[in-house]
Amino acid sequence: MSNAFEWLSGDVVAVAKRLLGCVIVREIDGVRVVGRIVETEAYHQTDAASHSYRGRTPRTDVMFGPAGHLYVYFTYGMHYCMNVVTGVAGEGSAVLIRAIEPLEGLGVMRQNRHNRPDIELTNGPAKVCQAFAVDKTLNGHDLRQPPLLLVLQPPIDETTITQTTRIGISQAVEMPWRFYIANNPFVSKT
DNA sequence: CCGGTGATGCCCT
DNA sequence: GGGCATCACCGGT
């Protein structure tokens, strides 16, 4: 049987790279808010930095579910971050969306982001969620369905992908599982 | 420009 | 009760 999200079921690191350039389409009060993914990080249950490392819990349940759903978590008492679940059912893996290039609906993003400068609308994982109005109510959402869609795009040229260690973690700090589109101005600050 | 830090709630130990 | 896949602001340079 075929599945529109079969491409998400493979190795999480490969999927993290493949997600670069893919498009997120959000509908908020009838307005389309659209952007293209420019920075990602891979997380897997075999990796000490991953929420799924210590097993399946109420918080991480979605991460162990089928690929193509959204894993949203709350952190630092005030921020949400969003991940695309990858791998096969029962495998705890997901890709954190760290930064997006705004394409459409910038008025809504500016409003949601309290009129910050455009370059700061979506250049960080919690900023992305704020701009796209993503919170816990979308945890587990199927990304093939409105009001939040993930749309596959042609692969980014391998030579324009930069690979580094991940940001803001204290475990497995040496693992080079962060990817971004080189020279894109909307990548988060390091 | 850059490093340090306070805010703030929830999950897991 | 500790620690967080962060952000924005502050002050010194």
Side-chain angles (χ1 to χ4, degrees), chain A residues 8 11-20 22 24 35 37-65 67 69-87 91-102 108-141 143 148 150 161-181 184-190:
Chain A
L8 291 171
D11 171 67
V12 67
V13 171
V15 174
K17 295 167 72 174
R18 189 66 188 82
L19 277 165
L20 294 175
C22 291
I24 298 283
I37 298 168
V38 298
E39 179 181 353
T40 60
E41 282 178 1
Y43 288 89
H44 189 263
Q45 60 185 4
T46 56
D47 147 34
S50 175
H51 293 164
S52 55
Y53 182 66
R54 310 207 177 263
R56 195 167 186 163
T57 68
R59 182 202 198 193
T60 62
D61 190 62
V62 171
M63 233 181 130
F64 288 84
H69 289 243
L70 195 71
Y71 168 51
V72 181
Y73 67 87
F74 181 72
T75 192
Y76 292 106
M78 63 190 80
H79 298 302
Y80 293 99
C81 296
M82 61 180 271
N83 298 249
V84 176
V85 175
T86 68
E91 180 184 8
S93 61
V95 174
L96 175 68
I97 307 303
R98 280 198 59 88
I100 278 179
E101 176 176 341
V108 172
M109 295 192 215
R110 291 185 190 113
Q111 191 171 354
N112 290 342
R113 291 279 299 131
H114 243 110
N115 292 318
R116 301 233 121 237
D118 284 1
I119 199 68
E120 295 175 22
L121 289 178
T122 53
N123 65 339
K127 300 177 192 178
V128 166
C129 283
Q130 206 182 353
F132 280 75
V134 170
D135 64 16
K136 200 93 187 177
T137 63
L138 283 168
N139 188 37
H141 173 75
L143 289 165
L148 183 60
L150 171 66
I161 298 178
T162 303
Q163 175 171 15
T164 74
T165 54
R166 294 171 293 183
I167 307 279
I169 55 172
S170 55
Q171 306 290 318
V173 293
E174 74 290 346
M175 220 168 272
W177 281 6
R178 170 175 177 247
F179 302 93
Y180 61 88
I181 299 178
N184 186 286
F186 293 94
V187 169
S188 69
K189 313 292 185 196
T190 57

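Order of the sequence lines fixes the chain letters, A, B, ..., with proteins taken first and strands second; residue numbering starts at 1 for each chain. These values consider heavy atoms only, across backbone and side chains, with no hydrogens, waters or symmetry-generated copies.
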> What is the distance from CZ of A/Phe74 to C1' of B/dC12, rounded to the nearest Å?
Replying inline: 16 Å

> Can you find a side chain N or O atom of A/Arg166 that sits less than 4.0 Å from OP1 or OP2 on C/dT6?
Replying inline: no

> Regarding A/Glu91 and A/His44, is there a side-chain donor-to-acceptor distance under 3.5 Å anywhere?
Replying inline: yes

> Within this structure, what is the CG-to-C1' distance between A/Asn139 and B/dC10, rounded to whole angstrom?
Replying inline: 14 Å

> A/Tyr76 on top of B/dA7's base, within under 5.5 Å and under 30°?
Replying inline: no

>> Between A/Arg166 and A/Asp47, does any NZ, NE, NH1 or NH2 come within less than 4.0 Å of an OD or OE carboxylate oxygen?
In response: yes

> In whole angstrom, what separates A/Tyr43's OH from C/dC4's C1'?
Replying inline: 12 Å

> Do A/Ser93 and A/Thr86 have side-chain N/O donor and acceptor atoms under 3.5 Å apart?
Replying inline: yes

>> Over all strands shown, is A/Arg59 touching base, sugar-phosphate only, or nothing at heavy-atom distances under 4.0 angstrom?
In response: sugar-phosphate

> Contact class for A/Ala49 vs. all strands (heavy atom < 4.0 Å): base, sugar-phosphate, or nothing?
Replying inline: base

> Between the main-chain N or O of A/Ser188 and the side-chain N or O of A/Glu39, is there a donor-acceptor pair closer than 3.5 Å?
Replying inline: yes

>> Which nucleotide, if any, forms a Watson-Crick or G-U wobble pair with C/dG1, using both distances under 3.5 Å?
In response: B/dC12

> Reckon A/Met82 touches a base, only the sugar-phosphate, or nothing at all at heavy-atom distances under 4.0 Å?
Replying inline: nothing

> C/dA8 P sits how many Å from A/Lys127 NZ, rounded?
Replying inline: 5 Å

> For the side chain of A/Thr75, counting heavy atoms from C-beta on, which of C/dC7, B/dC12, C/dC4 is nearest?
Replying inline: C/dC4

>> For A/Lys127 and A/Leu121: C-alpha separation, side-chain torsions, deciding distance, then whether side-chain contact (heavy atoms from CB on, under 4.5 Å) applies.
In response: CA-CA 6 Å; A/Lys127 300 177 192 178; A/Leu121 289 178; over 6 Å; no

> With nearest nucleotides of DNA chain B determined for A/Gly77 and A/Thr57 from heavy-atom distances, which residue corresponds to the more 5′ nucleotide?
Replying inline: A/Gly77

> To the nearest angstrom, how far is A/Tyr80 atom OH from C/dA5 atom P?
Replying inline: 16 Å

>> Taking the minimum atom-to-atom distance to the side chain of A/Arg116, which one of B/dA7, C/dA5, C/dC9 wins?
In response: C/dC9

> Would a line drawn from the ring center of A/His51 to the ring center of A/Tyr73 be shorter than 6.0 Å?
Replying inline: yes

>> So A/Arg178, base contact, sugar-phosphate only, or nothing? Heavy-atom distance under 4.0 Å.
In response: nothing

> So what's C/dC9 paired with, Watson-Crick or G-U wobble, going by both distances under 3.5 Å?
Replying inline: B/dG4

> Rounded to whole angstroms, how far apart are NZ on A/Lys136 and P on B/dC11?
Replying inline: 6 Å

> Taking for each residue the nucleotide of DNA chain C with the nearest heavy atom, is it A/Gln171 or A/Val128 whose nucleotide lies nearer the 5' end?
Replying inline: A/Gln171

> To the nearest angstrom, how far is A/Asp61 atom CG from B/dC12 atom P?
Replying inline: 11 Å

>> Taking any heavy-atom pair under 4.0 Å as a contact, classify A/Leu96: base, sugar-phosphate, or nothing.
In response: base

>> Given C/dA5, B/dT8, C/dC4, identify the nucleotide with an atom nearest to the side chain of A/Met78.
In response: B/dT8

> Atom NE2 of A/His79 to atom C1' of B/dT8: distance rounded to whole Å?
Replying inline: 9 Å

